[in-house]
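Below is one structure, written out as structure tokens, with a few remarks after it.
Start at 1 with the first residue, then count along the sequence. Because the structure is predicted, anything quoted here is derived from the model rather than measured.
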Amino acid sequence: MNMKVYGTPICIDCRNYRAIQKSRGFAAEYIDITENTANLKEFLAIRDHDPLFAPQREKGGIGIPLFVGEDGAMTLDVDEALDWIGQPPVRPEEIVEHRACDIGGCK
């Protein structure tokens, strides 16, 4: 199964996904939403109308990375998306960047 992934290099979760994709060597179409306005508009057309994003919109979040399967299924869960393409879940050692909170910096 093919999938599209919407993200941006300024997002830590997107960078971690890209590192996993590169290290595992699987194919997926990556759409950088900050590369040009056409990509951003394509993403916003999905984000602004799909109920999947209601929690992100309510919290002021963006909702990336967004994974879209070839059947149109959408998820914000990387492990679910990896399962679609026959990949195992993310292992902790595959996360190359951590937030300060992830390593005990936030209280």
Side-chain angles (χ1 to χ4, degrees):
M1 175 183 224
N2 294 322
M3 72 175 170
K4 284 184 178 182
V5 182
Y6 293 88
T8 177
I10 60 176
C11 164
I12 190 172
D13 296 322
C14 299
R15 291 191 304 268
N16 279 321
Y17 161 76
R18 294 287 284 179
I20 292 164
Q21 180 186 17
K22 182 178 180 182
S23 71
R24 292 185 182 188
F26 62 84
E29 180 183 0
Y30 187 81
I31 300 166
D32 178 351
I33 65 170
T34 57
E35 182 177 60
N36 58 55
T37 55
N39 289 355
L40 181 58
K41 286 180 181 182
E42 182 178 325
F43 171 72
L44 291 175
I46 299 168
R47 182 196 179 273
D48 290 350
H49 298 94
D50 196 285
L52 172 69
F53 293 94
Q56 283 73 29
R57 288 191 304 264
E58 290 170 11
K59 293 187 284 187
I62 298 170
I64 52 173
L66 167 65
F67 305 92
V68 182
E70 66 185 3
D71 62 355
M74 291 187 288
T75 187
L76 300 170
D77 184 309
V78 66
D79 288 332
E80 181 179 357
L82 290 173
D83 185 57
W84 294 343
I85 58 171
Q87 289 285 318
V90 175
R91 297 180 311 273
E93 62 271 15
E94 291 181 291
I95 303 299
V96 295
E97 290 186 62
H98 297 274
R99 291 178 180 82
C101 293
D102 294 341
I103 53 176
C106 299
K107 302 278 182 207

Checklist entry - Do the side chain of Tyr30 and the main chain of Thr8 share a donor and acceptor less than 3.5 angstrom apart? => result yes
Checklist entry - Are Asp71 and Trp84 close enough, and set up right, to give a side-chain contact (heavy atoms from CB on, under 4.5 Å), and what steps lead you there? => result CA-CA 10 Å; Asp71 62 355; Trp84 294 343; 5.8 Å; no
Item to check | Donor-acceptor under 3.5 Å (Arg15 side chain, Val96 main chain) | outcome: no
Checklist outcome for this item: Between Cys11 and Pro65 the two heavy atoms that sit nearest each other are SG-CD, 4.4 Å
Checklist entry - Under 4.5 Å between any side-chain heavy atoms of Pro9 and Asp32, yes or no? => result yes
Item to check | Electrostatic pair Asp50-Arg57, nearest N-O below 4.0 angstrom | outcome: no
Checklist entry - Taking ILVMFWY side chains as joined if any heavy atoms are under 4.5 angstrom apart, and letting links pass through other members, which residues group with Tyr6? => result Ile31, Ile33, Leu40, Phe43, Leu44, Ile46, Leu52, Phe53, Ile62, Ile64, Leu66, Val68, Met74, Leu76
Item to check | Nearest-0.5 Å distance that lies between atom CD in Gln87 and atom CE in Met3 | outcome: 8.0 Å
Checklist entry - Quick one: OH on Tyr17 to CZ on Phe67, what's the gap to the nearest 0.5 Å? => result 6.0 Å
Item to check | Sidechain-backbone polar pair: Asn39 side chain, Thr34 backbone, donor-acceptor under 3.5 Å | outcome: no
Checklist entry - Between Asn16 (side chain) and Glu97 (backbone), is there a donor-acceptor pair under 3.5 Å? => result yes
Checklist outcome for this item: When rounded to the nearest 0.5 Å, the distance separating CZ of Arg24 from CD1 of Ile85 is 8.5 Å
Checklist outcome for this item: Rounded to the nearest 0.5 angstrom, the CD-CZ distance for Gln56 and Arg47 is 7.5 Å
Checklist entry - How far apart are the closest heavy atoms of Glu80 and Asp77, and which atoms are they? => result N-OD1, 2.9 Å
Checklist entry - What's the verdict on salt bridge (Lys or Arg N to Asp or Glu O under 4.0 Å) for Lys41 and Asp48, showing C-alpha distance, side-chain angles and the deciding distance? => result CA-CA 10 Å; Lys41 286 180 181 182; Asp48 290 350; over 6 Å; no
